[in-house]
Amino acid sequence: MLPKAYNPAAVEDAIYKRWEDSGAFTPESCPADGEPFTIAMPPPNATGQLHLGHAVMLALEDIFIRFQRMRGKKVLWVPGTDHASIATEAVVIRTIQKEEKIADPRKTLGREKLIERIQKFVEESRGTIRNQVRKMGASCDWSRERYTMDPALARTTNEVFVDMYKRGVIYRGHRMVNWDPKLQTTLSDDEVVYETRTEPFYTFQYGPFQISTSRPETKFGDKYVVAHPEDERYFKYKHGDTFEAEWINGPVHATVIKDTAVDPAFGTGVMTITPWHDAVDFGIAERHGLEKEQIIGFDGKLLSIAGEFSGMPIEKARPLIVEKLQKKGLLVSTVEAHEHNVAISSRGGGIVEPQIKEQWFVDVNKRAVDWKGKKMTIKEVMSDVVHSGDIVIIPERFNKTYFHWIDHLRDWCISRQIWWGHRIPAWYRGSEIYVGVQPPGDKGWEQDSDTLDTWFGVSQWTWSTLVDPKLAADPALSLSDILEKSPDFKAFHPTSVMETGYDILFFWVARMILMTTYATGQIPFKTVYLHGMIRTRDGKKMSKSHPETMIDPLDIIPKYGADALRLSMIVGQSPGADSRLYEEKIAGYRNFVNKLWNASRFVLMQCEEAKVDPRMITKLPKASELSLADRAMLSKLQTVTKKVTDGLTEYRLSEAGDTLYSFVWDDFCDWYLELRKENAPPSPSAIVADQEGLRRAGNLEVLTHTLRKILQLLHPYCPFVTEELWSHVKTTDSGLLIAKSWPEVKKELVDAEAEEAFLQLTSVVQVIRKIRADQGIPPGKEIAAIIHTKKWVELLESQEAHIRRLGKIGSLTFDTDAKPHKNAASIFLPDIEVHVPLEGLIDTEAERKKLQKEKDNLERLVKSIEVKLQSADFTARAPENVIAAERGKLQIHTEKLRKIGERLKALGQ
RNA sequence: GGGCGCCUAGCUCAGUUGGUUAGAGCAUCUCGUUUACACCGAGAGGGUCAGGGGUUCGAAUCCCUUGGCGCCCACCA
């Protein structure tokens with residue numbers, strides 16, 4: 001017999017092993033002719049621990065995967081890890097600094113040694129991550145696990161780089177980049193975040209002009225003053241006029257420039273420019289062919305142009321420069337509390353300094369992609385695949401965000417001054433450049449010391465993981481040959497759904513679309529499902545600096561089970577919306593899992609009591625042998641199956657999960673199982689069974705059948721507990737639940753009358769309770785009741801004990817011919833009348849008013865539809881289906897009207 | 001500055017083309033230990049669906065508007 005409570009910690013690991021050993025995770029175990037269903041698992045960074053972000057991703061994807069697997073699709077879920085260049089290198093460097101007191105590990109260890117150290121670290125964390133993914137129950141195909149630094153993936157990364165270079169999509173040039181002086185590398189635009197800071201805002205006299213700045217330290221080289229060409233205040237100065245101005249380190253020869261980039265309403269309407277350290281200024285300088293000069297070094301310190309300030313870090317120099325200008329009488333005014341945004345590196349937290357640097361870029365406006373028979377730019381393709389509906393984003397509102405991002409997309413800087421990653425396949429010899437997958441054969445070449453942005457390589461993830469590693473190892477094959485010959489790529493690409501957090505829509509999702517359409521001519525995925533961020537109970541971001549707010553899945557799983565964690569992150573959540581998670585919520589779903597456990601236990605006990613082996617139950621009794629309650633249960637099961645199937649198919653996971661939750665708890669446990677407990681008159685099949693000495697065996701078949709279906713339907717959500725219970729209730733010839741097929745909706749079991757009867761039974765009890773409450777009858781005191789009905793007699797009579805128990809009724813009479821009693825409280829249901837012979841009547845005035853209002857409404861509706869149908873206007877603009885729909889409505893509401901009319905009549909209207 | 005989202009019971013949230021009396025979980029209160037489960041059962045209280053206006057026979061749902069909160073993007077020299 002099962003223990004009284006489910007103990008997930010005791011069984012989960014063993015169940016996972018059983019799944020894995022069974023081969024169920026591989027597509028080879030699926031029907032060979034099944035339609036493919038593929039997910040490329042977003043690779044967790046190879047830097048550490050599984051967190052809630054991973055947990056929610058794994059839970060969602062595992063639900064998609066298990067559902068489709070049970071539906072008979074040929075399912076592939078590819079797991080893997082990402083080398084995460086900047087993040088990983090930073091972590092290892094920090095560790096070495098801390099533990100070995102080496103101030104600059106890059107300098108001390110050198111490239112080779114440091115990479116070795118990083119590799120070792122990554123190997124260890126990848127092992128950790130693998131185990132943690134298993135803890136969540138993720139049914140991914142470990143035999144196909146990939147890593148962004150695998151030789152095959154390195155090969156595709158390089159191939160695409162080289163191809164893009166040859167077609168002019170990748171170029172090398174001096175451009176404005178985001179320079180992180182702390183990490184000593186460039187960053188992409190998306191890796192820069194802005195923080196609002198309050199800093200002083202100075203206005204200085206610059207020749208005849210007054211200019212304002214919050215960054216005086218960039219002003220050393222300023223020799224251009226810019227005004228808007230239509231600003232009347234500065235009409236007397238012409239474009240190209242020059243003048244002498246006393247400035248920080250002596251006089252400068254300055255030139256007036258007119259450009260529309262200046263906002264006349266801001267400050268004094270004129271500004272000096274620093275083209276080397278500001279993107280807007282850079283643009284102005286480019287337009288007018290102005291000189292650009294570097295002021296701040298890549299180490300964040302001022303260069304020799306700063307004169308006496310050279311070598312100083314900017315924070316130190318700034319007040320000194322202001323002081324000097326003030327002494328010279330050039331400081332006009334200071335606004336102390338000026339709010340402005342400061343660019344911060346999301347990687348290292350340091351202040352980002354715009355710099356001009358020679359880097360590698362992806363040209364997003366180059367007309368170089370073959371797409372749908374046309375030559376399109378990268379931007380156009382990215383836009384087209386979503387506009388055309390080839391890729392569907394859930395929730396839809398992110399379409400707009402995506403398009404907006406594309407509109408503002410600038411060339412993507414892909415080179416990083418980091419050692420950990422895919423080294424750029426470019427070699428230099430003097431002024432020569434060689435770009436190729438293989439190093440140049442002759443001597444004297446030196447490879448570019450930079451590596452590629454992690455996102456460049458990992459944006460090929462949906463297909464680089466499907467490339468056959470053996471083929472990729474053959475240098476004689478081209479990339480298109482490799483793709484053409486790789487069986488997995490041919491069978492499983494494009495993938496079906498990409499599930500990830502909305503926070504990496506730009507970083508990754510958009511770039512996968514970019515890279516994959518370019519390199520393979522296919523979309524990477526058909527559906528994008530974006531989940532929201534998980535927050536603390538106060539709605540704050542979970543952060544390591546507040547450990548008390550953190551929920552660690554690795555603490556939760558042993559305590560509450562992976563199933564409870566999965567449910568708590570998915571049921572009641574909408575895609576793309578942030579959600580809050582806290583222990584009570586998880587405990588609630590743990591209770592649900594336990595409820596399911598005990599319901600199963602009850603079914604097993606019933607079987608044992610009846611000396612029936614549940615595993616031998618293979619089919620339902622004949623329809624004629626089913627009680628009304630059985631029929632209602634089976635019918636409801638069909639409705640639920642349909643709803644859950646539709647919900648999962650359309651990625652409405654919360655709704656489907658919620659449906660199952662209330663079906664299991666409210667209908668199956670609190671109603672059907674409770675009925676089972678009463679001394680209900682035996683159903684016809686039970687009578688038969690009685691003769692064979694098997695009491696109440698009839699219901700057992702429905703009980704077992706329903707439980708099995710529940711386990712199947714719930715399996716994607718809570719795989720562990722359902723698998724465990726399945727082993728007790730399955731038929732002897734079926735295997736693991738993970739490989740079981742999905743329940744079909746059996747139309748012959750749909751029985752509206754039985755379901756209606758079930759509702760009536762519930763209503764009868766409620767009516768009796770209402771009467772008790774209205775009459776102020778003490779809860780303990782029993783009453784007498786008469787039920788008057790011609791319908792549902794079988795059900796009500798069979799459930800007499802149930803009704804009596806729940807309604808605290810001492811004597812209950814069924815009377816198909818009863819007239820309303822004089823001294824009785826009575827309430828009418830559409831087909832049942834309940835009398836409780838007592839003093840006085842309950843007040844039905846409020847209910848009567850409600851019904852009257854509704855009736856009026858509906859009468860008006862009917863009138864308005866009639867008018868509409870007759871009006872030429874309506875028919876002229878209404879296609880036939882609209883009329884049909886209106887007529888459909890009319891019918892529905894006519895039916896509704898009839899019911900309301902009956903109730904009104906019953907109430908004495 | 002541009003865009004997006006949210007405001008529903010004390011708390012956390014569902015609510016799919018507008019349609020019976022707006023739902024759930026937790027919390028609170030009452031009753032109940034009858035042999036699946038106290039990680040339980042049966043109930044109760046608690047909502048002008050942020051405010052205002054409009055469309056409609058009918059609005060939490062659609063439109064406009066005001067307010068509050070949050071996020072994203074751009075960026076201020």
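The chains referred to below are lettered A, B, ... by the order of the sequence lines, with proteins before strands, and numbering in each begins at 1.
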Checklist entry - Can you check the A/I551 CD1 to B/U12 C1' distance for me, whole Å? => result 13 Å
Checklist entry - Touch check for A/K219, heavy atoms < 4.0 angstrom, all strands: base, sugar-phosphate only, or nothing? => result sugar-phosphate
Next on the checklist: Quick check on ring-ring contact (aromatic ring centres under 6.0 Å, His included): which of A/F506, A/F398, A/Y502 does A/W405 satisfy it with?
Outcome noted: A/F506
Next on the checklist: Just to verify, what does A/D231 make a salt bridge (charged side-chain N to carboxylate O under 4.0 Å, His left out) with, not counting sequence neighbours?
Outcome noted: A/R233
Item to check | Rounded interatomic separation in angstrom, taking CG from A/N178 and C1' from B/A74 | outcome: 14 Å
Next on the checklist: In this structure, how many angstroms lie between the P atom of B/A14 and the NZ atom of A/K643, rounded?
Outcome noted: 16 Å
Checklist entry - Under 4.0 angstrom, heavy atoms only, what part of the nucleic acid is A/V226 near: base, sugar-phosphate, or nothing? => result nothing
Checklist entry - With sequence neighbours left out, which residue pairs that include part of residues 258-277 of chain A fulfil the salt bridge (Lys or Arg N to Asp or Glu O under 4.0 Å) condition? => result A/D259-A/R287
Checklist entry - Using a cut-off of 4.0 Å on non-hydrogen atoms, how would the nucleic acid contact of A/N341 be classed: base, sugar-phosphate, or nothing? => result base
Checklist entry - According to the salt bridge (Lys or Arg N to Asp or Glu O under 4.0 Å) rule, which pairs have a member within residues 532-542 of chain A, sequence neighbours left out? => result A/R535-A/D578, A/R537-A/E584
Next on the checklist: Please report the distance separating the C1' of B/G23 from the corresponding atom of B/A60, rounded so that it comes out in whole Å.
Outcome noted: 12 Å
Item to check | Those residues that, when tested against A/Q205, pass side-chain contact (heavy atoms from CB on, under 4.5 Å) (two or more places apart) | outcome: A/Q210, A/L330, A/V332
Checklist outcome for this item: RNA chain B nearest-nucleotide lookup for A/G572 and A/W665: closer to the 5′ end is A/G572
Next on the checklist: Can you check the distance between B/G5 and B/A14, where both ends of the measurement are the P atom (answer in whole Å)?
Outcome noted: 15 Å
Next on the checklist: Classify A/S212 by what it touches in the nucleic acid, base, sugar-phosphate, or nothing, heavy-atom distance under 4.0 Å.
Outcome noted: sugar-phosphate
Checklist entry - Taking the C1' atom of each, how far is B/U21 from B/C62, in whole Å? => result 24 Å
Can you pull every protein N or O that's under 3.5 Å from an N or O on nucleotides 3-6 of chain B?
unit_1	atom_1	unit_2	atom_2	d
B/C4	OP1	A/K400	NZ	2.7

Item to check | Any A/R537 side-chain nitrogen or oxygen under 4.0 Å from OP1 or OP2 of B/U12 | outcome: no
Checklist entry - Which sits closer to the 5' end of RNA chain B, A/S574 or A/G588, going by the nucleotide each is nearest to? => result A/S574
Tabulate atom names and distances for all N/O pairs under 3.5 angstrom spanning the protein and nucleotides 35-39 of chain B.
unit_1	atom_1	unit_2	atom_2	d
B/A36	O3'	A/R601	NH1	3.2
B/A36	O2'	A/N598	OD1	2.5
B/A36	O2'	A/R601	NH1	2.5
B/A36	N7	A/K677	NZ	3.2
B/A36	N6	A/C669	O	3.4
B/A36	N6	A/E674	OE2	3.0
B/A36	N3	A/N598	O	3.1
B/A36	N3	A/A599	N	3.3
B/C37	OP1	A/K4	NZ	3.1
B/C37	O4'	A/N598	OD1	3.0
B/C37	O4'	A/N598	ND2	3.3
B/C37	O2'	A/N594	ND2	3.4
B/C37	O2	A/K595	NZ	3.0
B/C37	N3	A/K595	NZ	2.8
B/C39	O4'	A/N591	OD1	2.9
B/C39	O2'	A/N594	ND2	3.2
B/C39	O2	A/R590	NE	3.0

Next on the checklist: Distance check, C1' atoms only: B/U34 and B/U16, in whole angstrom units.
Outcome noted: 42 Å
Next on the checklist: I'd like to check the ring-ring contact (aromatic ring centres under 6.0 Å, His included) partners of A/Y651; sequence neighbours left out, ordered by chain and number.
Outcome noted: A/F64
Checklist entry - Taking CD from A/E195 and P from B/C72, how many angstroms apart are they, rounded to a whole number? => result 12 Å
Checklist entry - If you measure from the C1' atom in B/G47 to the same atom in B/A24, how many Å do you get, rounded? => result 14 Å
Checklist entry - In dot-bracket, 5' to 3', how would RNA chain B read with Watson-Crick or G-U wobble pairs under 3.5 Å, [ ] for crossing ones and | for pairs to another strand? => result (((((((..((((.....[...)))).(((((.......))))).....(((((..]....))))))))))))....
Checklist entry - Looking across every strand, which nucleic acid part, if any, lies under 4.0 Å from A/D263 by heavy atom: base, sugar-phosphate, or nothing? => result base
Checklist entry - Does A/Y661 have any ring-ring contact (aromatic ring centres under 6.0 Å, His included) partners at least two apart in sequence or in another chain, and if so, which? => result A/Y589, A/F592, A/W665
Checklist entry - Roughly how far, to the nearest 0.5 Å, is CG of A/N598 from CG of A/N591? => result 11.0 Å
Item to check | Electrostatic pair A/D658-A/R652, nearest N-O below 4.0 angstrom | outcome: no
Checklist entry - In whole Å, what separates the P atom of B/A27 from that of B/G68? => result 35 Å
Next on the checklist: Does the plane of the ring in A/H404 sit parallel, tilted or perpendicular to the ring in A/H408? Use 30° and 60° as the thresholds.
Outcome noted: tilted
Next on the checklist: Categorize A/Q573 for me: base, sugar-phosphate, or nothing, with a 4.0 angstrom heavy-atom threshold over every strand shown.
Outcome noted: nothing
Checklist entry - Hey, are A/R590 and A/E583 close enough for a salt bridge, meaning a charged N less than 4.0 Å from a carboxylate O? => result no
Next on the checklist: Whole angstroms only, please: what is the CD1-C1' distance between A/I534 and B/U12?
Outcome noted: 14 Å
Checklist outcome for this item: To the nearest 0.5 Å, atom CG of A/N399 lies from atom CD1 of A/I394 at 10.5 Å
Checklist outcome for this item: Of the listed B/G25, B/C75, B/C72, the closest approach to the A/F506 side chain comes from B/C72
Item to check | Whole-Å distance separating the CD1 atom of A/I211 from the C1' atom of B/C76 | outcome: 15 Å
Checklist entry - Do the side chains of A/S654 and A/Q573 get nearer than 4.5 Å, heavy atoms only? => result no
Item to check | Distance, rounded to the nearest Å, where A/D578 contributes CG and B/C72 contributes C1' | outcome: 12 Å
Next on the checklist: Working to the nearest 0.5 angstrom, can you tell me the gap between A/L648 CG and A/T659 OG1?
Outcome noted: 9.5 Å
Checklist entry - For atom P, what is the distance between B/U20 and B/C49, given to the nearest Å? => result 16 Å
Item to check | Integer-rounded Å distance: B/C11 C1' and A/L581 CG | outcome: 15 Å
Checklist entry - Using atom C1' of each nucleotide, how far apart are B/G10 and B/C63 to the nearest Å? => result 33 Å
Output a table of nitrogen or oxygen pairs between the protein and nucleotides 67-69 of chain B separated by less than 3.5 Å.
none

Next on the checklist: My understanding is that only residues two or more places apart in sequence, or in another chain, count here; which of them pass ring-ring contact (aromatic ring centres under 6.0 Å, His included) with A/Y582?
Outcome noted: none
Checklist entry - side chain to side chain donor-acceptor pair (under 3.5 Å) with A/E195: which residues, sequence neighbours excluded? => result A/R197
